[in-house]
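Order of the sequence lines fixes the chain letters, A, B, ..., with proteins taken first and strands second; residue numbering starts at 1 for each chain.
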Number of protein chains: 2
Amino acid sequence: MLDAVDDLTPEKPADARRAADLIVAELAAMIGSGALADGSYLPAERELMAQFGISRTVAREAVAQLAGRGLVEARPRFRPVVRRPGYDTALSALGGVVTHLMRESGSVKHLYDIRVFLEAALVRHAALHARKDDIAALRRALEANEVAIGDSTQFYLTDMAFHAVLYDLPRNPVMPAIHRAFTSWLSPHWQRMPRAPERNRINFLSHREIYTAIVERDPDMAERALNGHLAAAWEYVRGTFEAD
Amino acid sequence: MLDAVDDLTPEKPADARRAADLIVAELAAMIGSGALADGSYLPAERELMAQFGISRTVAREAVAQLAGRGLVEARPRFRPVVRRPGYDTALSALGGVVTHLMRESGSVKHLYDIRVFLEAALVRHAALHARKDDIAALRRALEANEVAIGDSTQFYLTDMAFHAVLYDLPRNPVMPAIHRAFTSWLSPHWQRMPRAPERNRINFLSHREIYTAIVERDPDMAERALNGHLAAAWEYVRGTFEAD
DNA sequence: TCATCAAGTATGGTCAGACCAAATATGTTT
DNA sequence: AAACATATTTGGTCTGACCATACTTGATGA
């Protein structure tokens, strides 16, 4: 991290030409313009060879790059399928790196804190701007959460669903994608957390507290409830990876 | 976007074996454990061949994958260099996809709204938790911003720097990375925005307003000021890409 | 008629060996 | 000791081949 420049748009060496890059650009443009429709097959490698006058090597590398960018879904022995990227596929690009990042001591906490920070803002936003149907959705999620107290697996799902409603509230499609990314990154750690109905009950009560604060249009109380909720959850799971 | 499941941990087909994947996992582990030190050269392709008993093809694909994940920096004709990933390299993985995403109408706005949402929470946090040295840093950034009003290029930089301080405040290394990611994604649009000293002055005043609110420990006012600031900025640049 | 199953083909995955151009190392000359 | 010429290393690309599996086609049989 000494001189980690890492400009986020890797276009520094003005030339940096590699045969595959041109093909990638071309195909990417086709995907963007719809010339290659979402869900359709990418031309076979041997077709690309003929079509662009390149070798198989280059064709393969181009496909691999597109797959890396999420513009194409290339399962091992199947024909690559064109995938117009959504916010989820974008976040999923992080997956690999994040997994490695989280080996680093403290990084899980950093990520978790970001989540708390975001969600605090979300409950605040909810308390101020939630509409009737939003609150209804929240209430439904809360009720589902309550009946699942006895079943820890089910409780985990309804727990996530409750929080998901908060991410849906701003009606910005990026938010739910962020939520899915967070949960998929952090869930491995959560899985290891011992579960018990009494613990579930505590969490449910926290959820209800948050819900109440939102209904009463009290952002400060909502934020406080959420912070307490997530701080407690953290204390409960920190042990599972602090031994690392 | 119809059935974009896209689970964020691409490990669904229990088999999905590809020779390169094993090598990638192996090398990734070595990088994680420090066996391959940050900044050192990755073994040459021909060495990997011998070391793992694989063909050049597989060796190359493995390196390409590592490069895609940001664990290795592979400039065109140079030896790949090991890069222990930081939060920046993680976010940079998004770069390619986000670029494509932003062709989609409305996605720039969505991304911008996320930024506004986050920054609103940040100024709020600043107003509540900023320490003396934080405020000093903020003041320095503000002053630098003021003297740059006449120079639009310089103003742009000091503008970013001012906002950057807000991201530094929570002392969570993920925050600055997010800021850099945002600016690198949105800057292409901002570059097209016409600049003028009078406009700079308005923005500076907004910054001062935010600063004042933080100094006075008034989160609501800080949030309001920031929302106004960024909303105005949006109105000013929306024209540059709404024609698309 | 239509479902089933067996070739046959298309396609991605891997291998081998070769050549090139650029980057790096080596050694020689000044 | 610095500058230059040469040799070696190394990544980029090409060719051509073989395999295993996904897909297609068509024959078979209920």
Side-chain angles (χ1 to χ4, degrees), chain A residues 10-28 30-31 36-83 96, chain B residues 10-28 30-31 36-83 96:
Chain A
E11 261 87 45
K12 43 193 152 182
D15 52 336
R17 74 283 191 207
R18 226 171 336 195
D21 295 346
L22 294 176
I23 315 302
V24 168
E26 194 106 0
L27 291 175
M30 288 190 201
I31 294 175
L36 287 173
D38 182 299
S40 67
Y41 283 143
L42 200 69
E45 295 173 0
R46 289 165 174 88
E47 278 183 56
L48 292 176
M49 294 176 59
Q51 192 169 330
F52 291 97
I54 55 179
S55 74
R56 183 102 180 276
T57 313
V58 175
R60 279 185 64 76
E61 184 175 332
V63 174
Q65 276 193 42
L66 288 173
R69 292 197 195 178
L71 295 181
V72 133
E73 186 184 342
R75 308 205 334 274
R77 286 196 168 269
F78 295 75
R79 286 197 62 174
V81 176
V82 174
R83 284 278 177 249
Chain B
E11 261 86 47
K12 42 193 152 185
D15 51 337
R17 73 281 191 208
R18 223 170 340 195
D21 296 344
L22 294 177
I23 316 303
V24 168
E26 194 106 2
L27 292 174
M30 288 191 202
I31 295 174
L36 287 174
D38 182 299
S40 67
Y41 284 141
L42 201 68
E45 294 173 359
R46 290 166 174 89
E47 278 183 55
L48 292 176
M49 293 176 58
Q51 192 169 330
F52 291 96
I54 54 178
S55 73
R56 184 103 180 276
T57 312
V58 174
R60 280 185 64 74
E61 184 174 331
V63 174
Q65 277 193 42
L66 288 174
R69 291 197 196 179
L71 296 182
V72 134
E73 185 185 343
R75 302 195 350 263
R77 285 197 169 269
F78 294 74
R79 286 196 62 175
V81 176
V82 174
R83 284 279 176 245

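- Here the side chains of Arg18(B) and Arg77(A) are not in contact, with every heavy-atom distance at 4.5 Å or above.
- Residue Leu66(B) holds its CG atom at 10.0 Å from CD1 of Ile23(B), rounded to the nearest 0.5 Å.
- Along DNA chain D, the stretch of nucleotides lying under 4.0 Å from any heavy atom of chain A spans, 5' to 3', dG12(D) to dC23(D).
- Side-chain contact between Tyr41(A) and Val81(A) is present, with heavy atoms from C-beta onward closer than 4.5 Å.
- For Phe78(B), the side-chain contact (heavy atoms from CB on, under 4.5 Å) criterion is met by Arg75(B), not counting sequence neighbours.
- Residues Leu27(B) and Leu36(B) meet the side-chain proximity criterion, which asks for heavy atoms closer than 4.5 Å.
- In terms of the side-chain contact (heavy atoms from CB on, under 4.5 Å) criterion, residue partners of Ala67(B) (sequence neighbours excluded) are, by chain and number, Val72(B), Ala74(B).
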request  = For each nucleotide in nucleotides 11-21 of chain C, reading 5' to 3', give B when a protein heavy atom comes within less than 4.0 Å of its base, S when such contact involves only the sugar-phosphate, and - otherwise.
outcome  = BBBBB--BB-B
Just list the side-chain donor-acceptor pairs under 3.5 Å for residues 44-53 of chain B, sequence neighbours left out, or say none.
| from | atom 1 | to | atom 2 | distance (Å) |
| --- | --- | --- | --- | --- |
| Glu45(B) | OE1 | Arg56(B) | NE | 2.8 |
| Glu45(B) | OE1 | Arg56(B) | NH2 | 3.0 |
| Glu45(B) | OE2 | Arg60(B) | NH1 | 2.8 |

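- The side-chain heavy atoms of Val82(B) and Met30(B), taken from C-beta on, include no pair separated by under 4.5 Å.
- Rounded to the nearest 0.5 angstrom, Ile54(B) CD1 and Leu22(B) CG are separated by 9.5 Å.
- Contact check for Asp38(A) versus Arg83(A): side-chain heavy atoms found under the 4.5 Å cut-off.
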Enumerate all atom pairs, one protein N or O and one N or O from nucleotides 6-9 of chain C, separated by less than 3.5 Å.
none

